[in-house]
Amino acid sequence: MRLRFEDLRAHLSRPLLPIYVLSGPEPLLLQEAADAVRRAAREQGYDERERLVVDPRFDWSTLDDAAASLSLFCSRRLIELHLGERKPGTHGAAALTRYADNPAPDSVLLVLCGQIDKKVEQSAWMRKLAAVGGWLQVWPVDRRQLPTWLQIRMRHVGLEPSRDAVELLAERVEGNLLAAHQEVEKLRVLNGAGPVNGDAVRAAVSDSARYDVYDLTAAGLTVDPGRVVRILECLREEGIDPTLVNWALARDVRALYGMRIAMDAGASRSDALRQFAQPKRRQDLLVRAIDRFDRPALSRLLSECARADRVIKGQDSGSPWQELLQLSLSLAGCEPLRGITTGSAR
């Protein structure tokens, strides 16, 4: 069965299933979900814990042995199988399927792994585990959900944050939930329970935000020039290759240009978008942005992409990051303001 993170506590208050699979790219939420399963297991008498870590030399017969052996010290046990980012391979898939077909009595198997893609989700062993037990896929908290997530966390530890405190904290920890958790704890220690305002956050919280190139293009498509400048500077400081940044920007500009050509010829938005294989969230961004651009404007953006590419390759003079700033702000619907630069252009 599929489980949701927000329903996990209520689910674990009932008798446990024989198998749990926890997966996803967000380490903090994955750890908290695993801790919740461990805590529920202890409360329900699963007092022994056996830990198996899959590495290149892991022998999958170890799982068979764990399933066949009896607990040495108590009547119930928790068997943890740490896959990490590894795939189980042929032998592992067979071992996991055997376990699901005949789960160890008085035991709970907890499988911890990274993000599961469609191919793994549709594999026979994964379907078998999910059918016999529960599967929880945890996802990062996106920018829109982050303020609410932080507010709940802060109130849970006794803090009473103002709106500007929550917004500033969200800005400084975006894309880094582990840092968010640590900063909330820091505020609790420094301030104690009670009100917290923006000044307190500004004084205590470092800037731990993490972004990727898709965040940059999303900021441009949603007409947020201030966020564009911030993200681009973070990407530069993190050492992201400017070629990758330009690729992401050019990809969306080309998609918009193709949509505009199709729509000018009479196609609907959905028909125009169908030619581009994009996740739904990015499709929504493109659909909302397309009305801001006519064909000449998109042609100019394509020329800016080409110009940035030549500067990055050293074929034209200029600063790669300054060109990317100009291109990103143009995508956001504004001309670059004089005096705004990235660090490498100073």
Side-chain angles (χ1 to χ4, degrees), residues 1-5 7-9 11-117 120-121 123-140 177-178 181-182 185:
M1 63 181 296
R2 294 291 293 265
L3 300 172
R4 298 194 308 167
F5 190 88
D7 299 331
L8 184 60
R9 180 178 297 182
H11 168 83
L12 294 175
S13 67
R14 301 190 291 270
L16 296 181
L17 299 172
I19 299 171
Y20 288 93
V21 179
L22 306 181
S23 62
E26 180 45 65
L28 175 67
L29 298 184
L30 199 60
Q31 181 65 43
E32 291 183 345
D35 286 344
V37 174
R38 295 180 186 117
R39 185 165 52 251
R42 287 194 303 271
E43 292 171 353
Q44 295 187 33
Y46 294 85
D47 295 322
E48 185 179 338
R49 180 179 167 193
E50 186 171 353
R51 191 169 185 269
L52 307 176
V53 179
V54 178
D55 59 27
R57 294 175 294 179
F58 182 73
D59 184 352
W60 280 96
S61 65
T62 306
L63 181 60
D64 294 322
D65 294 340
S69 63
L70 297 176
S71 173
L72 296 177
F73 305 109
C74 58
S75 60
R76 290 181 164 186
R77 64 182 167 162
L78 176 68
I79 304 170
E80 291 189 15
L81 181 69
H82 293 253
L83 270 174
E85 298 299 327
R86 298 183 180 279
K87 301 292 192 298
T90 303
H91 295 300
L96 289 166
T97 301
R98 286 194 299 272
Y99 189 98
D101 285 336
N102 188 25
D106 296 319
S107 298
V108 170
L109 175 65
L110 174 60
V111 181
L112 298 167
C113 51
Q115 184 171 345
I116 288 180
D117 58 25
V120 172
E121 181 180 346
S123 64
W125 66 270
M126 184 61 206
R127 291 203 308 269
K128 178 73 75 170
L129 291 179
V132 174
W135 172 32
L136 173 66
Q137 175 89 321
V138 299
W139 297 102
L177 289 192
L178 182 58
H181 172 73
Q182 292 169 342
E185 287 298 308

Do [X] and [Y] have side chains that approach each other closer than 4.5 Å (heavy atoms only, starting at C-beta)?
| X | Y | value |
| --- | --- | --- |
| Val138 | Leu22 | no |
| Asp106 | Tyr46 | no |
| Gln31 | Leu178 | no |
| Pro18 | Val132 | yes |
| Pro140 | Leu177 | no |
| Leu136 | Tyr20 | no |
| Val120 | Lys87 | yes |

Working for side-chain contact (heavy atoms from CB on, under 4.5 Å), residues Gln44 and Val108: CA-CA 11 Å; Gln44 295 187 33; Val108 170; over 6 Å; no
Arg9, CZ atom: more than 12 neighbouring heavy atoms under 6.0 Å: no
Indicate the atoms forming the closest heavy-atom contact of [X] with [Y], along with that distance.
| X | Y | value |
| --- | --- | --- |
| Ser107 | Arg77 | OG-NE, 3.0 Å |
| Gly134 | Leu17 | N-CD1, 3.6 Å |
| Ala41 | Leu16 | CA-CD1, 3.7 Å |
| Leu112 | Ala34 | CD2-CB, 3.8 Å |
| Glu85 | Gly114 | OE2-CA, 3.4 Å |
| Pro56 | Arg86 | CD-NH2, 3.1 Å |

Backbone of Ala66 reached by a side-chain donor or acceptor of Glu50 within 3.5 Å: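 A pair under 3.5 Å: no.
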First locate atom [atom1] of [X], then atom [atom2] of [Y], and finally report the distance between them rounded to the nearest 0.5 Å.
| X | Y | atom1 | atom2 | result |
| --- | --- | --- | --- | --- |
| Asp59 | Asp65 | CG | CG | 7.5 Å |
| Ile19 | Met1 | CD1 | CE | 13.5 Å |
| Tyr99 | Asp64 | OH | CG | 10.5 Å |
| Leu81 | Trp60 | CG | CH2 | 4.5 Å |
| Gln137 | Leu3 | CD | CG | 12.0 Å |
| Glu32 | Glu26 | CD | CD | 9.0 Å |

Ionic contact status for Arg38 with Asp35, cut-off 4.0 Å: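 A salt bridge links Asp35 with Arg38.
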Check against side-chain contact (heavy atoms from CB on, under 4.5 Å), Leu12 and Arg39: CA-CA 9 Å; Leu12 294 175; Arg39 185 165 52 251; over 6 Å; no
